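Step one of this worksheet: look at the structure below.
If you're wondering where the values come from, they're calculated on a predicted model, not measured in any experiment.
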Amino acid sequence: MTDDQLENRSDRFDRLPATAEQRRVPERATRADVLAWWDERFGVDPATFEGYTFWERGAGKVWAFAGEADSPVAIEGLGMVFLRTRREHWKPTLEAVQRFGGRASRNVVELSRPEAATFLAGEDQTLDWDGDWGYLVVTHELAGESEPLGVALYVHGELRSQVPKGRRRDLR
Amino acid sequence: MEPPDRYRDLVDDFGAFRAACERPLPSVVRVNTIKTTVERAREALADEGTDVEPTWHDHLFALPEDQPGSNWPYVHGWLHGQEAVSAVPAEVLAPEPGERVWDACAAPGSKTTQLGALMDDRGTLVATDTNLGRLSALRSNAERLGVTNVAVTHEDARNHSLKPFDGEPYDRALVDAPCSCEGTIRKNPDAFDDWTLEHVEGVAGVGKGVLRRAVQATRPGGTVVYSTCTFAPEENEAVLDYVLGAEPCETVAFDLPLEHVPGVTEWRDETYDRSVRRAKRIYPHHNDTGGFFCAKLRVTDE
Ligand SMILES: C[S@@+](CC[C@H](N)C(=O)[O-])C[C@H]1O[C@@H](n2cnc3c(N)ncnc32)[C@H](O)[C@@H]1O
């Protein structure tokens, strides 16, 4: 272990340690934390991620990769940006929710087509929701089935769209 | 002489070729099977009032004219706009789930994401390009389409390093080479305007270097596909001829359910290895698509 493996760097990917005992970089999430978070927050079975390794590049930016690479690796991309950690509340990306959110069983809010369109346009809306506050998986019906669309923040009776600017569309 | 006249003697029906070059291209989308099925994608489009037409491949839908730029299935990453011939090389490479695959000139990732889908998003797919801006488009496309087995590298493919990936050779590699893009004339009506022989020869040189590296980085018995969207034999058969002489590889015959003609063995005062006839030239009037060139190689023992 060289010194530069003791800190997070924004120019390369470091594999997340399996558990806290193996952690060298303070604050870095562990694989166990990531699995537990998806399970606790959304009920996504940890087995979903069996074929995946998790990596950090840039503080708190966690990537999920299905292929093989040696750690650390200084390249441009490794799978998809998947989760933001190191804030009080962890936040999944829209892309991660579209890819894995179909397996979520809690903190999922199903929207009607007009509500989904408002959400996709990046706008907030009032919504009755008696579940947890915080980040929710947003779904709506597409081709006869419920499909994960993105991430919203539910607070104070309001569903706040978290669709990043580049992914917003106005389909109303 | 410049295109299209330069190709008068190569093309079977030059009048039809010329006329096709002047027509706009039909709009085609590829269904992303990482996130949905062909049936559900068709249904989602039909629900929006869009009835699609079949194409040469069941994953590719031709859309009616004046389609809105976005729709629900697109937003979910179920669809990717991709020209009908652009889907050829990944199908010819035919990677399998779990393999190690290299896409040497990958950005903006139409073929990378198609390779990812053919691999069922399993195995390791390395996508390389020299252009950082185009690589960021590739990453955005890969994330929208939910491809998680892709590693993206910014480097000159001619010096590609296997080091981050265990140093092991690939099972398959795709070289979708930078080219003079003559075959995109229907999409870019000024594609012939900036044409120069120097540029053709320059990009052909890059193509040779990248294809050599692809053969070197692929295991014996592995497959390498070379493709361009251009007609110039300098960038196509001449590149194959050079690499056949320089690296341990041979051309392989393959089937393609699209009208095409074989690679040419004579051009101006050059002659090429006869086996380049196994490559395929697709002209715009053949299937109402863009122009394309595609060759399949097998890596042999030294
Ligand atoms: C025909 S385009 C690739 C299109 C891409 N395969 C797709 O399907 O979306 C050729 C690409 O080669 C890249 N390129 C040019 N020279 C290169 C080199 N020496 N090494 C790697 N990539 C190179 C260009 O930046 C360009 O993105």
Side-chain angles (χ1 to χ4, degrees), chain A residues 11-13 48-55 57 63-82 93-102 113 116-117 119-121 138-150 163-164 166-172, chain B residues 34-37 39-48 68-78 97-98 100-101 107 109 116 119-129 132 135-136 138-140 142-155 161 163-168:
Chain A
D11 60 350
R12 65 165 203 219
F13 293 87
T48 305
F49 303 112
E50 244 160 40
Y52 285 89
T53 48
F54 300 130
W55 305 71
R57 189 183 80 171
W63 303 57
F65 179 50
E68 305 270 342
D70 298 329
S71 180
V73 57
I75 58 177
E76 290 306 308
L78 206 54
M80 66 161 60
V81 184
F82 173 68
T93 61
L94 173 143
E95 291 82 3
V97 159
Q98 286 197 354
R99 184 74 169 80
F100 303 105
R113 190 48 73 88
F119 167 81
L120 183 66
V138 169
T139 62
H140 74 138
E141 194 184 304
L142 186 64
E145 284 173 42
S146 174
E147 276 294 317
L149 175 59
V163 177
R167 299 281 186 220
R168 290 181 195 161
R169 295 287 181 280
D170 201 336
L171 298 183
R172 288 172 291 190
Chain B
I34 293 175
K35 283 186 150 180
T36 192
T37 61
E39 268 326 301
R40 291 191 69 208
R42 192 196 315 276
E43 185 182 333
L45 283 167
D47 287 347
E48 307 212 354
S70 202
N71 54 49
W72 284 107
Y74 177 85
V75 159
H76 281 267
W78 288 12
R100 299 165 57 83
V101 178
M119 295 167 78
D120 201 15
D121 200 24
R122 283 183 288 142
T124 301
L125 172 58
V126 178
T128 297
D129 206 280
L132 263 184
L135 278 178
S136 102
L138 178 148
R139 276 187 24 208
S140 171
E143 289 190 331
R144 187 177 62 81
L145 298 171
V147 183
T148 61
N149 73 340
V150 63
V152 181
T153 74
H154 176 224
E155 54 186 339
S161 167
K163 246 188 157 168
F165 312 105
D166 304 334
E168 292 289 315

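Residues Arg167(A) and Arg144(B) meet the side-chain proximity criterion, which asks for heavy atoms closer than 4.5 Å. The closest side-chain heavy-atom distance from Arg99(A) to Asp121(B) is below 4.5 Å.
Residues Tyr52(A) and Thr148(B) approach most closely at OH-OG1, 2.9 Å, considering heavy atoms. Considering all non-hydrogen atoms of both residues, Val152(B) and Ile75(A) come closest at O-CB, 3.3 Å. Scanning both residues, Glu68(A) and Thr124(B), for their nearest heavy atoms gives N-OG1, 2.8 Å. The minimum heavy-atom distance linking Asn71(B) with Leu171(A) is given by the pair C-CD1, 3.8 Å.
Side-chain atoms of Arg40(B) come within 3.5 Å of backbone atoms of Leu142(A) as a donor-acceptor pair (strictly under, hydrogens ignored). A donor-acceptor distance shorter than 3.5 angstrom exists from the side chain of Arg139(B) to the backbone of Glu76(A), with no hydrogens or angles considered. For the pair Glu95(A) (side chain) and Val147(B) (backbone), a donor-acceptor distance under 3.5 Å is absent.
Proximity to chain A is limited to the side chain of Asp47(B), based on heavy atoms less than 4.5 angstrom apart. Neither the backbone nor the side chain of Phe82(A) has a heavy atom closer than 4.5 Å to any heavy atom of chain B. Ala117(A) touches chain B through backbone and side chain together, each having a heavy atom under 4.5 Å away. When heavy atoms are compared at a cutoff of 4.5 Å, Ala69(A) approaches chain B by way of both its backbone and its side chain. Leu94(A) does not touch chain B: none of its heavy atoms, backbone or side chain, sits under 4.5 Å away. Contacts between Leu132(B) and chain A at a heavy-atom distance below 4.5 Å involve the side chain alone, from C-beta outward. With a 4.5 Å cut-off on non-hydrogen atoms, Ser140(B) touches chain A through its backbone and its side chain both. Heavy-atom distances place both the backbone and the side chain of Ala116(A) under 4.5 Å from chain B.
The candidate with the highest count of non-hydrogen atom pairs below 4.5 Å against chain B, out of Ala96(A), Gly144(A), Gly67(A), Gly77(A), is Gly77(A). Among Glu48(B), Lys163(B), His76(B), Arg100(B), the residue making the largest number of heavy-atom pairs under 4.5 Å with chain A is His76(B). The choice from Ala143(A), Ala66(A), Gly79(A) that makes the most heavy-atom pairs within less than 4.5 Å of chain B is Ala143(A). The candidate with the highest count of non-hydrogen atom pairs below 4.5 Å against chain B, out of Val73(A), Leu120(A), Asp170(A), is Leu120(A).
Between Trp72(B) and His140(A), the angle of the ring planes lies from 30° to 60°, which puts this pair in the tilted group.
The CG atom of Asn149(B) lies 10.5 Å from the CG atom of Leu78(A); values are rounded to the nearest 0.5 Å.
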